[in-house]
*Asks:* 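I am attaching a structure below and will ask some questions about it afterwards.
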Protein chains: 2
Amino acid sequence: MEINDLPKLHSDFSVDCVVFGFDKGELRILLIERAEEPFKDYLALPGNLVYDNENIDQAANRVLTELTSLNDVYMEQLYTFGDVNRHPQGRVITVAYFSLIKVKKHTLNPLSTYAKKAQWCAVADLPPLAFDHQLILEKAYKRLQNKIRYQPIGFELLPEKFTLSQLQQLYEVILEKPIDKRNFRKKILSFGLLIELDEKQKNVSHRAAKLYKFNKTRYNNLKKMGFSFEL
Amino acid sequence: MEINDLPKLHSDFSVDCVVFGFDKGELRILLIERAEEPFKDYLALPGNLVYDNENIDQAANRVLTELTSLNDVYMEQLYTFGDVNRHPQGRVITVAYFSLIKVKKHTLNPLSTYAKKAQWCAVADLPPLAFDHQLILEKAYKRLQNKIRYQPIGFELLPEKFTLSQLQQLYEVILEKPIDKRNFRKKILSFGLLIELDEKQKNVSHRAAKLYKFNKTRYNNLKKMGFSFEL
DNA sequence: ATAGGATATTGTATAAATTACACTAAGTTT
DNA sequence: AAACTTAGTGTAATTTATACAATATCCTAT
């Protein structure tokens, strides 16, 4: 595809996506390795310019679709970063998005023009990132830590069917503190938002735990009636 | 000043400010009346284009300074609105800011090129606004309603010295619900963030109430140590 | 088959926070 | 001095949060 085939660009206006996933007991984000200067070989948030004829949300969704096989993903706008010197080659204002996905449900698509490859990286142990992406990530992580306490968004990071221990571990990792098991279960079940399935974990080398599903419909109904989730 | 004397503009990139104030028992916002098309004679949020050589936050501060005699104002970025059709004359992406000011401390500056006049309007009773400013205001109002419950930002809307009844009324107006007087006082005083002054209200035709000041220094210290304000 | 290992599951007592609620005090106006 | 207006105050009942440990189930290894 030639450059002239592409839609006209706003040359100074972009989106970047902070895509969180939860896998192997760790909180991870999706990063690409840059193939070009500036910040060649650095890890960076996936991002792209915003086309003249698309909304910003659409641009962010496009970036995500290019990387993964998108499938009803949680996404919200995070913050806009526009400091004069945030990009070494001129002014680029970027709107950062915050996204939560179920790692297992998505396969990473290979290659794109500007990036070598996309990979899941543990948030706890990251190298320096390109541009001001460290700053963007920090903002996103704080948002996640706050939001998970008063909105049931943790489920977006887990498989459809999960155990209470998995859910608890997710909260512990994100909030970076241990939680009492009995109190956690009591509390989370008290909302009546979990459906207990007639099914158990498989292939574990110990007692298998019951599986649960998040009752999204019920949550949406309760929300309309002023219900508030608060862990 | 000639147009050519102005710094170079990003023609498609602006800021808009939602400036809240509290006066005569009502929550108000600062609006300007547009002097030009589009939306001539409509009320609109104060805003302006972002210069090439200034950060977005600076642009927002500039807009506010042009309107009021700025004086340590609370301001934070709210959200970025960039739908393709939000501006009838072409694509304009705007970063909205959210600001709280003490009405009494600020005098409104007269006139600017594009606006007839700035005025405080009660949020509860507004005419249709220009562009998508209604949407922006709604987002800002929700932010205020949420944030006032877990951050002591209400004080930004009151005079330095205030009574507990004034504070309570502020919360009642913003949260749109009545609050029990005794419980409110117990709770708000329990944080230890209010300094009781040796002074009372003046010129009221009934028993004068004690005046209080918000102890910002103490709040900042406590915050560092993990204290959380929550009403 | 059985013992040992791993995680799942469950309840209670105590402390803390929230809620509901009504009268007296102080100053002003008539 | 009576009437009006807002300020200021405490307690009991309920709800919610916290701290804490033993048994159940299933798998693995011997």
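Proteins come first, then strands; the chains are lettered A, B, ... in the order of their sequence lines, and each starts at number 1. Bear in mind that the values here come from a model prediction, so they are computed numbers and not experimental data.
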*Asks:* How many Å lie between CD on B:E196 and P on D:dA7, as a whole number?
*Replies:*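 These atoms are roughly 15 Å apart.
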*Asks:* Of B:V63, B:I136, B:I56, B:L64, which meets side chain to side chain contact (heavy atoms under 4.5 Å, CB included) against B:Y97?
*Replies:* B:I56
*Asks:* Pick the closest DNA chain C nucleotide for B:A208 and for A:L164 by heavy atoms, then say which residue is nearer the 5' end.
*Replies:* A:L164
*Asks:* How is A:S165 classified with respect to the nucleic acid when contacts are heavy atoms under 4.0 Å: base, sugar-phosphate, or nothing?
*Replies:*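 It contacts sugar-phosphate atoms only.
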*Asks:* State the CG-CZ distance between B:L193 and B:F229, to the nearest 0.5 angstrom.
*Replies:*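 The CG atom of B:L193 sits 7.0 Å away from the CZ atom of B:F229.
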*Asks:* Could you check whether A:K200 gets within reach of a base, just the sugar-phosphate, or nothing at all, counting any heavy atom under 4.0 Å?
*Replies:* sugar-phosphate
*Asks:* Can you find a donor-acceptor N/O pair under 3.5 angstrom joining the side chain of B:K186 to the base of D:dT11?
*Replies:* yes
*Asks:* Checking B:Q145 side chain against B:I174 main chain: does a donor-acceptor pair fall under 3.5 Å?
*Replies:*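 Yes: the side chain of B:Q145 pairs with the backbone of B:I174.
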*Asks:* Grab the NE2-C1' distance between B:H206 and D:dG8 for me, whole Å please.
*Replies:* 13 Å
*Asks:* Find the distance between CG (B:L45) and NE2 (B:H133) and round it off to the nearest 0.5 Å.
*Replies:* 5.0 Å
*Asks:* With a strict under 4.0 Å distance from non-hydrogen atoms of chain A, what nucleotide opens and what nucleotide closes the contacted stretch of DNA chain C, reading 5' to 3'?
*Replies:* C:dA6 to C:dT12
*Asks:* For DNA chain D, whose closest nucleotide is more 5', that of A:K187 or that of A:R207?
*Replies:* A:K187
*Asks:* Any sub-3.5 Å donor-acceptor pair from B:Q168's side-chain atoms to B:I179's backbone N or O?
*Replies:* yes
*Asks:* Judged by atom type as modelled, is there a donor-acceptor pair below 3.5 Å linking the side chain of A:E33 to the main-chain atoms of A:K117?
*Replies:* no
*Asks:* Determine whether a donor-acceptor pair (N or O, by modelled atom type, separation under 3.5 Å) exists between the side chain of A:K102 and the backbone of A:L158.
*Replies:* yes
*Asks:* Looking at DNA chain C, which of residues 175-185 of chain B put a heavy atom within less than 4.0 Å of it?
*Replies:*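 Under 4.0 Å from DNA chain C: B:D180, B:R182, B:N183.
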*Asks:* Backbone N or O of A:N183 within a donor-acceptor pair of the A:D180 side chain at under 3.5 Å?
*Replies:* yes
